Every structure is written in C-alpha cells, then in structure tokens.
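Every chain is numbered from 1, with letters handed out A, B, ... down the list of sequences. Every value quoted in this text rests on a predicted model; they were computed, and no experiment measured them.
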2 protein chains.
Amino acid sequence: MDSALPPLLEKAVEELHRLPGIGRKTALRLALFLLGQDEELATRLGESLIHLRQDIRFCRHCHNISETEVCPVCASPQRNPHLLCVVSDIRDILAIEATQVYNGRYHVLGGLISPMDGISPSHLHLADLPERVTTEAVEEVILALPATPDGDTTAFYISRLLQDSDVSISTLAKGIAVGDDLEYIDELTLGRSIQQRTPFK
Amino acid sequence: MDSALPPLLEKAVEELHRLPGIGRKTALRLALFLLGQDEELATRLGESLIHLRQDIRFCRHCHNISETEVCPVCASPQRNPHLLCVVSDIRDILAIEATQVYNGRYHVLGGLISPMDGISPSHLHLADLPERVTTEAVEEVILALPATPDGDTTAFYISRLLQDSDVSISTLAKGIAVGDDLEYIDELTLGRSIQQRTPFK
C-alpha cells in the first residue's frame with residue numbers, strides 16, 4: 001500500500017521493520033510518530049541505538065553486557081565467587097537479579113545448543129567454562145536453563161563438560177509456580193512436582 | 001526488574017520506550033536484539049531515524065511529507081488540480097493512493113479539530129485552505145475525514161470556512177463495507193445505508 005513513500009521514510013520503515021515483532025504497518029506508524037515529534041526525540045533515539053551497539057562491551061569473564069572489561073557482578077567483592085549460575089541469555093540475569101536471592105556470579109552462554117537451529121557448542125561460550133570453574137575455584141554450578149529440549153540438551157552437555165571438575169552441579173527446582181491452580185498445570189509438571197515433593201515446613 | 005541495566009542499554013531502552021506501543025519489556029527485547037546483531041544493523045537503523053527527522057520536508061502546498069519543496073503529487077501534471085481531497089493524516093494519503101481511483105491533489109490537515117484534546121483549528125493546516133481553493137481553481141473539495149465526532153466537527157468547520165468559495169464539497173460515501181455481513185454491522189451504519197440506498201445497476 002505504500003509504494004509511494006518518500007525514500008527517506010521508506011528507508012526508516014525498512015530498517016524499523018528489521019526489528020523482531022515490528023511489521024511494516026507498525027514500522028510506518030513509528031516513523032510517522034517520530035516525524036510528528038520534536039527533532040530531538042528522533043536524534044536521541046537514533047544516537048542511543050548507534051552508541052548502544054558501538055560502545056557496549058561484554059564482560060570477558062561471564063560474557064554479560066558491560067561497559068567495562070569486567071562487569072560489575074564479576075568485579076564485586078560482595079558476590080560469592082564460588083557459586084556460578086549458567087544462563088542462556090542476558091535477560092535471564094535480569095530476571096534472576098530481580099529475585100534478590102542469588103549472590104553468586106554468572107556465565108552467559110549466549111544461546112542454547114540446538115541441532116534443529118544449527119547451533120552447536122562451538123557457537124556458545126562453553127569452551128571457557130571448565131577453565132573458569134577451575135581458576136575461580138567454583139564449588140557449585142547452577143544450571144538456570146529453560147525447561148525445553150534445547151535447555152535439557154545444553155544442561156546435559158555442560159554436565160559432561162564439567163565431569164572431571166571437582167564441582168557440584170544443580171538445576172533450578174521444577175514444579176508448580178506461585179499462584180498456580182492445579183487444574184491448569186500441564187500433567188508433566190504436576191507429575192514431576194508430586195514425585196519430587198518436599199517436606200512441608 | 002532491570003535496575004541493573006548498564007547505562008548505555010538503559011538509555012536505549014528508555015528512548016525506545018518513548019515510541020507508541022513499545023513497553024519497557026519490548027524496548028529491552030529490541031535493544032538486546034540489536035546487541036546480538038552486526039554493528040551495521042544498529043548503525044543503519046539509528047542513522048535512518050536521525051536523517052528521517054532531520055532531512056524530511058513537508059510540501060508547502062499540501063503539507064504531505066516530501067523530500068522536495070513541492071511533493072510529487074502536487075508537482076505532477078498527470079493529477080487533476082481542480083479536485084482536492086482533504087485528509088487528516090499522511091497515512092490517509094497512502095490508503096487513498098492504494099485504491100488507485102483518485103487522481104486529484106491532497107490537503108493534509110495534520111489532525112482533527114478536537115475540543116476534548118485541546119486541538120483547535122489554529123493547530124491544523126486550515127488557514128491556507130480557502131486561498132488554495134481559489135488560487136488552484138479547485139472545483140470540488142472531497143472531505144475524506146474519519147466518521148468520528150472529531151471528523152464531523154472538522155468537516156463542518158471546513159464547510160463553513162469554504163462557504164464563500166465557489167466550490168462543491170463532498171464527503172466519502174458511508175455504508176456497508178465490501179465483505180460485510182449484515183448481522184455484524186452497527187445499526188447506525190446499516191440504517192444510514194438503507195436511507196441512502198443507491199439504484200441497483
């Protein structure tokens with residue numbers, strides 16, 4: 001419907017359309033919104049996106065995003081260096097930090113092993129994990145990976161990778177979520193949470 | 001949940017969050033997507049947004065977006081200069097152009113008169129409309145405005161504004177849409193399309 005867009009607008013719509021979940025109509029709406037606002041808004045947005053990608057770094061220890069060579073979590077003396085939580089994605093760190101119950105460090109894989117999507121262990125930050133476990137004298141590795149086939153595959157791979165390390169490996173507890181109504185829980189989860197029931201305190 | 005975001009990321013999320021329909025979680029997802037892509041993608045997107053707002057101009061006749069002082073529609077000798085279609089928004093032009101049935105020029109108001117939202121006629125491109133009708137020898141003004149109270153108010157205002165001009169004023173036909181099932185049409189539309197029935201051809 002918009003073959004008649006001026007080239008500048010067409011270009012902006014095209015670029016916005018590359019973002020996940022942004023269709024052409026939404027892209028056009030966003031672009032026209034920016035046109036209707038102060039020039040400063042578009043400039044600030046554009047520059048922040050350019051700087052974001054150009055200037056951000058990743059922590060050389062845990063691969064978390066960071067503006068310094070070592071991220072604040074790895075650098076903090078407040079955090080327990082002997083506890084290492086392996087996550088797939090940076091967003092998982094944000095979710096775990098929000099719980100305020102974890103005080104160790106992280107290791108971001110940058111994805112999950114997925115034969116279907118052609119993602120092999122070499123695509124992920126896995127090679128440096130055993131060395132990190134040794135040099136940082138990690139006592140426990142927590143696998144905080146999604147409860148999906150790819151998550152399970154990755155967890156299994158890591159458990160094999162670390163089998164020669166003197167480290168205990170744990171995974172997140174699986175079971176019913178806070179607020180869950182029993183009748184709506186899938187039978188696999190409910191079955192597992194019956195089998196793995198815990199003492200009532 | 002993301003108080004721990006690095007400042008660069010926080011800034012990008014904040015700016016993306018200013019866009020309509022983009023919540024903080026979506027903004028974070030978009031920013032992390034850009035982080036995971038080639039640097040070129042973020043740079044191209046950022047630059048296109050900056051250029052869009054800085055370099056785009058509006059046609060001095062019809063206020064359509066344009067990269068030239070007079071937009072291609074106003075400049076085209078193929079278009080009928082005596083037919084003028086008044087629309088609220090630039091997107092309406094795109095929608096009308098897509099029908100391929102209109103061959104006149106446009107006049108973009110840049111909104112609708114809305115006492116509720118504090119938008120008065122002086123906020124819109126209305127003052128230059130009578131002069132345009134005269135200098136371009138317009139014979140018919142088509143009010144292609146939304147069928148809403150604000151659209152009706154604006155249409156009424158324009159009809160008064162042009163009452164001294166020697167021009168006929170028309171509005172879009174109202175009635176049932178192509179593919180409409182009678183039982184799902186609101187009674188106002190259905191009633192009006194019965195009253196304003198047209199000869200069967």
Handout entry: side-chain contact (heavy atoms from CB on, under 4.5 Å) assessment of A:Leu49 paired with B:Thr43
Key = CA-CA 7 Å; A:Leu49 296 181; B:Thr43 308; over 6 Å; no
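Interface remark: B:Glu14 contributes no atoms to any contact with chain A (heavy atom separation under 4.5 Å). Contacts between B:Ile90 and chain A at a heavy-atom distance below 4.5 Å involve the side chain alone, from C-beta outward. Only the side chain of B:Ile22 has a heavy atom closer than 4.5 Å to any heavy atom of chain A. The part of B:Asp38 that comes within reach of chain A is its backbone (N, CA, C, O), which places non-hydrogen atoms under 4.5 angstrom from that chain.
The two atoms that bring A:Arg53 and B:Leu34 nearest to each other are CD-O, 3.1 Å, heavy atoms only. Across every non-hydrogen atom of A:Leu52 and B:Leu35, the tightest pair is O-CD2, 3.8 Å. Across B:Arg29 and A:Arg91, no two heavy atoms sit closer than the pair CG-NH1, 3.5 Å. Considering every non-hydrogen atom in both A:Ala12 and B:Ser48, the closest pair reads CA-OG, 3.7 Å.
At a heavy-atom separation below 4.5 angstrom, chain B is approached by A:Ile65, A:Glu67 within residues 65-81 of chain A.
Other residues, nucleotides and ligands contribute at most 12 non-hydrogen atoms within 6.0 Å of the CD atom of A:Gln100. The number of heavy atoms from other shown groups lying within 6.0 Å of CD (B:Glu131) does not exceed 12. In A:Asp166, the CG atom is not crowded: 12 or fewer heavy atoms of neighbouring residues, nucleotides or ligands sit closer than 6.0 Å.
Residues B:Arg44 and A:Arg18 form a side-chain contact, since some pair of their non-hydrogen atoms from C-beta on lies under 4.5 Å apart.
Considering CG of B:Leu94 and NZ of A:Lys25, their distance stands at 10.0 Å, rounded to 0.5 Å. Rounded to the nearest 0.5 Å, atoms CG (A:Asp55) and CG (B:Leu9) are 12.5 Å apart. One finds the CD atom of A:Gln37 at 9.0 Å from the CG atom of B:Leu19 (value rounded to the nearest 0.5 Å).
Ranked by non-hydrogen atom pairs under 4.5 Å with chain B, the options A:Gln54, A:Glu15, A:Lys11 are led by A:Glu15.
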